[in-house]
Amino acid sequence: IRPSVTTSFRALLKDVPSALVAAFVIGFANTAVLNLLPVYGVKVGFVASEALTLLVAVYFGGLLFQWPVGYLSDIFGRRKIMGFGFLISGCIAFAITSSFASTASNTLLLSFIWGGAALSLYAVALSHAIDHIDNEETVAVCATVLTTWSIGSIFGPMVSGLLMELYGVSTLFLFCSFFHIIAGSFILLRVMASAKRMNMERS
């Protein structure tokens, strides 16, 4: 990336599309869940104090998983961890809407796991973008990735809130599950395409 275009969304989308897709989906889907989770909890039968413990479980999961997820991304690669992280969090989000989450303890457990997977992904996405630029361009690239996340975070809660009003509270996690699985699939497909291209070049 040339120094003169490192703040360009188009330039980063060309060079590190996985990072920008991840940042947008994290803002779009994760922020929706974090903003509306207490509402979801009350709607499915939690008292107000219990509904707030869902947020505690989510954030505690994110805090606890930050280091191991980052460590794994150093070993196996940023995109692989992002891809599998999105798929795991997408499946967990779907599980929260299932009968397994009919008890408060199971919902708290799934929320903890979802937070661990979903809230650890932004740092990996940002690291992936930084891996591909010179050190002096770090601030500019961080700003572009943060802006991408911010755009998603503006619209995600509005869209998911409307869907919850129209189709019920379970739509919140179905909404999250859909976009996380799409993002994970996109990133892993790019990983496979890169591996295939490298194998062809070696042969």
Side-chain angles (χ1 to χ4, degrees), residues 1 6-9 11-13 15-37 54-93 96 110-133 135 137-160 172-173 175-191:
I1 304 174
T6 50
T7 58
S8 166
F9 175 85
L12 285 179
L13 186 61
D15 288 284
V16 284
S18 295
L20 289 190
V21 168
F24 178 80
V25 170
I26 291 165
F28 193 67
N30 289 17
T31 306
V33 172
L34 295 175
N35 276 272
L36 297 171
L37 188 56
L54 290 175
L55 271 180
V56 174
V58 166
Y59 279 114
F60 184 64
L63 176 65
L64 198 63
F65 279 70
Q66 283 285 335
W67 185 87
V69 169
Y71 179 72
L72 289 173
S73 74
D74 289 337
I75 298 174
F76 297 105
R78 314 291 188 204
R79 290 191 301 176
K80 288 181 182 179
I81 296 303
M82 277 194 294
F84 284 114
F86 272 119
L87 293 184
I88 291 170
S89 58
C91 291
I92 294 299
I96 292 175
L110 291 174
S111 297
F112 170 78
I113 299 171
W114 180 85
L119 301 190
S120 303
L121 294 174
Y122 181 81
V124 180
L126 184 58
S127 297
H128 174 59
I130 292 173
D131 287 343
H132 291 76
I133 52 95
N135 290 337
E137 304 303 319
T138 300
V139 173
V141 170
C142 287
T144 302
V145 174
L146 180 60
T147 300
T148 304
W149 173 88
S150 299
I151 293 170
S153 69
I154 292 170
F155 295 101
M158 292 193 301
V159 174
S160 60
L172 175 64
F173 281 102
F175 170 88
C176 173
S177 177
F178 175 78
F179 284 100
H180 275 224
I181 290 174
I182 291 295
S185 300
F186 169 79
I187 293 169
L188 290 178
L189 284 173
R190 286 193 57 81
V191 171

Between Ser18 and Met82 the two heavy atoms that sit nearest each other are CB-CE, 4.1 Å

| Relative to the ring of Phe175, is the ring of Phe28 parallel (under 30°), tilted (30 to 60°) or perpendicular (over 60°)? | tilted

Interatomic distance, CD1@Ile96 vs SG@Cys91, rounded to 0.5 Å, equals 11.5 Å

side-chain contact (heavy atoms from CB on, under 4.5 Å) test vs Leu172 passes for just one of Pro157, Ser177, Ser160, namely Ser160

Output for pair (Phe24 CZ, Ser153 OG), nearest 0.5 Å, gives 9.5 Å

Closest non-hydrogen atoms of Ile187 and Ala22, given as atom of the first, atom of the second and distance, are CD1-CB, 4.3 Å

d(Leu20 CG, Phe9 CZ) to nearest 0.5 Å is 5.0 Å

- Under the side chain to side chain contact (heavy atoms under 4.5 Å, CB included) rule, what do Leu87 and Leu188 come out as? Steps first, then yes or no, please. CA-CA 10 Å; Leu87 293 184; Leu188 290 178; 3.5 Å; yes

Minimal heavy-atom distance between Phe86 and His180, with the atoms involved, is CB-O, 3.2 Å

Notebook entry, point to check: Passes side chain to side chain contact (heavy atoms under 4.5 Å, CB included), Tyr122 versus Leu146? Steps please.
Noted result: CA-CA 9 Å; Tyr122 181 81; Leu146 180 60; 3.7 Å; yes

Heavy atoms of Leu119 and Gly62 approach each other most closely as CB-CA, 3.9 Å

Rounded to the nearest 0.5 angstrom, the CZ-CZ distance for Arg79 and Arg190 is 6.0 Å

Margin query: Set out, in order, the CA-CA distance, both residues' side-chain angles and the distance that settles side chain to side chain contact (heavy atoms under 4.5 Å, CB included) for Asp15 and His132, then state yes or no.
Written below: CA-CA 8 Å; Asp15 288 284; His132 291 76; 5.7 Å; no

*Ignoring hydrogens and geometry, is there a side-chain-to-backbone donor-acceptor pair from Thr148 to Thr144 under 3.5 Å?*
yes

In terms of heavy-atom contacts, Gly116 and Val69 come closest through O-CG2, 4.4 Å

Distance col, row Leu126:CG vs Asp131:CG, nearest 0.5 angstrom, shows 9.5 Å

Worksheet item: Is the count of non-hydrogen atoms from other residues, nucleotides or ligands lying under 6.0 Å from Phe84 atom CZ greater than 12?
Response: no

Interatomic distance, OG@Ser111 vs CZ@Phe173, rounded to 0.5 Å, equals 5.0 Å

In terms of heavy-atom contacts, Ala183 and Val21 come closest through CB-CG1, 4.4 Å

Checklist line | side chain to side chain contact (heavy atoms under 4.5 Å, CB included) evaluation trace for Phe112 with Phe65 | finding: CA-CA 10 Å; Phe112 170 78; Phe65 279 70; 3.9 Å; yes

